[in-house]
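Notes follow the structure.
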Protein chains: 2
Amino acid sequence: MPLNNPTRTAPVTTADKIFEQMQHAIVEGKIPAGSKISEPELAKQYQVSRSTLREALNRLEKCHLVERKANIGSRVVDCTIQGLLELYITREALEGMACRQAALNITNDEIVDMQAMLQRHSQSPALQDGVSYYQEQGDLDFHYKVILASHNQQLINLICGQLYHLVRMYRCQFGMNSPRATRAFDEHSHIIQAIADRDGELAEILMRRHIAASRINIESKILKIK
Amino acid sequence: MPLNNPTRTAPVTTADKIFEQMQHAIVEGKIPAGSKISEPELAKQYQVSRSTLREALNRLEKCHLVERKANIGSRVVDCTIQGLLELYITREALEGMACRQAALNITNDEIVDMQAMLQRHSQSPALQDGVSYYQEQGDLDFHYKVILASHNQQLINLICGQLYHLVRMYRCQFGMNSPRATRAFDEHSHIIQAIADRDGELAEILMRRHIAASRINIESKILKIK
DNA sequence: AACCGACGAATTGTCGACAATTTAAATGGA
DNA sequence: TCCATTTAAATTGTCGACAATTCGTCGGTT
């Protein structure tokens, strides 16, 4: 999984690189959720000083992938059902508002870009050459574009810089690369339409429904497993 | 200004203490907004090692009071009008949802507690022994209680742990300890009523209106200054 | 047998020094 | 005088070592 993110900046310092490596490892579960992090051990494993590793840990803490207690240590966050539901509720609030702001602030160029993206998506998954691809990458692409179109730096940083790392982690660990593709496509389409029409109120409502539907879909899947 | 925060934990390590001191200094403008931070200078000033100061800087970065660029250094965020409006839009989204969740998840004890708080507020500002007190502390008290009542850890962390430090900073630097107290009181009252009635939809709408009104009020004040 | 306290090992927090990068000044040429 | 290049100073990033705290073990007491 490429793990691209619009707010991502090229890693320049070694702490940046360790941060990205650990981020991948945590999202994909190679460093297990809920596990304790041993600074000396990981420092040796990644071949860096403990200071550098701590720097990386600090950034992981910033995007809520690890939690640290004073004099106790760091733990990877654990993926609970309640945490997942809370995350989706938060997304509903933030992305709903981002969608409303997008309807107000989007540029014409961005509208063209989003419609082109939708066009691509309408063909790719129909060919069935990878439903999972659509769901994973295409869905994130769509949401990222909407958020960026809000032109609200506060919202962009919160959602892309913090929340979405957790979203990826949950998707990965709970194995949610599943369908809902066609319905999601229609919903994406309607949302873009509302944004293009500059109808902020409708755009927000549709986005909130879209995320809520996704939450309920996931909820039922989890209940099925249990 | 006491700067109390429900998510605040007692500072145990020295980095904690430096963090709190700098937090106060930034919020109150003693370390000017937008200014560059010299690690060696501040380390000497606070009588700590540069590592410890960097640890404090990392936490300030977590609550969006400081921004750091690799190999360049740290700057205090600067207070712009656009930033303020973006912050209020974000609050509208998050606290609106928190208010809806509060209506769903609040306990009876918490309802009693909130009503008692409202009772206190109804008397204190009427006595005019400190309108600024009401606006500063009382208003924050109210919002904190609503957020905590949501019982959504994700929302609580985001709003109390990050957003509200910025809110305090803007209030302080733009000198917003001003009235709007009586209208705000009525709005608080209606919101609590909706929560007590377990009417999530209404509670969210009222909270969003409340914050939007506050934003517009501030907007007009700023325009007056210019 | 269960509980409490002391001791030792391991982990985290803090420090100062060195390396790498950026910023500023200084030098030289057009 | 202005601009480009080089050089020096300052700042940030990284490292290893020491101090402080926590965790686990052991022994003793009730």
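Just so we're on the same page: letters track the sequence lines, and every chain starts at 1.
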Discussion item. Quick check for you: among D/dT14, D/dT11, C/dT22, whose closest atom lies nearest to any side-chain atom of B/N71?
Written reply: C/dT22
Discussion item. Distance check needed: D/dT12 P versus B/L42 CG, whole Å only.
Written reply: 10 Å
Discussion item. Looking at the base of C/dG13, is there any donor atom on it, or on the side chain of A/R68, that sits under 3.5 Å from an acceptor on the other one?
Written reply: no
Discussion item. On DNA chain D, compare the nucleotides closest to A/A70 and B/S74; which residue's is nearer the 5' end?
Written reply: B/S74
Item to complete: Tell me which nucleotide among C/dC15, C/dT22, D/dT14 gets nearest to the side chain of B/I72.
Response: C/dT22
Worksheet item: Do A/H24 and A/H165 have ring centroids that are under 6.0 Å from one another?
Response: no
Worksheet item: Counting just side-chain N and O atoms, does B/K36 come under 4.0 Å of either OP1 or OP2 of D/dT12?
Response: yes
Worksheet, complete the sentence: Here the distance between atom P of D/dC15 and atom NZ of A/K44, to the nearest Å, is 16 Å
Practice prompt. Please state whether the phosphate of D/dT14, meaning OP1 or OP2, lies under 4.0 angstrom from any side-chain nitrogen or oxygen of A/T14.
Written response: yes
Worksheet item: Would you say a side-chain N or O of A/T52 is under 4.0 Å from OP1 or OP2 of D/dC15?
Response: yes
Worksheet item: Under 4.0 Å between a side-chain N/O of B/R54 and OP1 or OP2 of D/dG13, yes or no?
Response: yes
Worksheet entry | B/L57 CG to D/dT12 P, straight-line distance once rounded to whole Å | 9 Å
Response to the item:
Considering only heavy side-chain atoms of B/E39, the closest of D/dT14, C/dT14, D/dT12 is D/dT12
Item to complete: Dump the intermediate steps for side-chain contact (heavy atoms from CB on, under 4.5 Å) on A/E92 and A/H210, then the final yes or no.
Response: CA-CA 9 Å; A/E92 192 177 321; A/H210 174 60; over 6 Å; no
Fill in: B/T107 backbone acceptor or donor facing B/E110 side chain under 3.5 Å
yes
Discussion item. In whole Å, I'd like the distance from the CG atom of A/N58 to the P atom of D/dG13.
Written reply: 13 Å
Fill in: Check: B/E41/B/Q45 side-chain N/O donor and acceptor closer than 3.5 Å
no
Worksheet entry | d(CD, B/Q47; C1', C/dT14) in whole Å | 15 Å
Worksheet item: Expressed in angstrom and rounded to an integer, what is the separation of B/E41 atom CD from D/dA10 atom P?
Response: 13 Å
Worksheet item: NA contact type, B/S51, heavy-atom cut-off 4.0 Å: base, sugar-phosphate, or nothing?
Response: base
Discussion item. Classify B/I37 by what it touches in the nucleic acid, base, sugar-phosphate, or nothing, heavy-atom distance under 4.0 Å.
Written reply: sugar-phosphate
Item to complete: State whether B/R50 places a side-chain N or O below 4.0 Å from either non-bridging phosphate oxygen (OP1 or OP2) of C/dC15.
Response: no
Practice prompt. Measure from the side-chain N and O atoms of A/N105 to the backbone N and O of A/S150, and report whether any donor-acceptor pair falls under 3.5 Å.
Written response: yes
Worksheet item: Out of D/dT21, C/dT14, D/dG13, which nucleotide sits closest to the side chain of A/T13?
Response: D/dG13
Worksheet entry | Touch class at under 4.0 angstrom, heavy-atom based, for A/I18 against every strand present | nothing
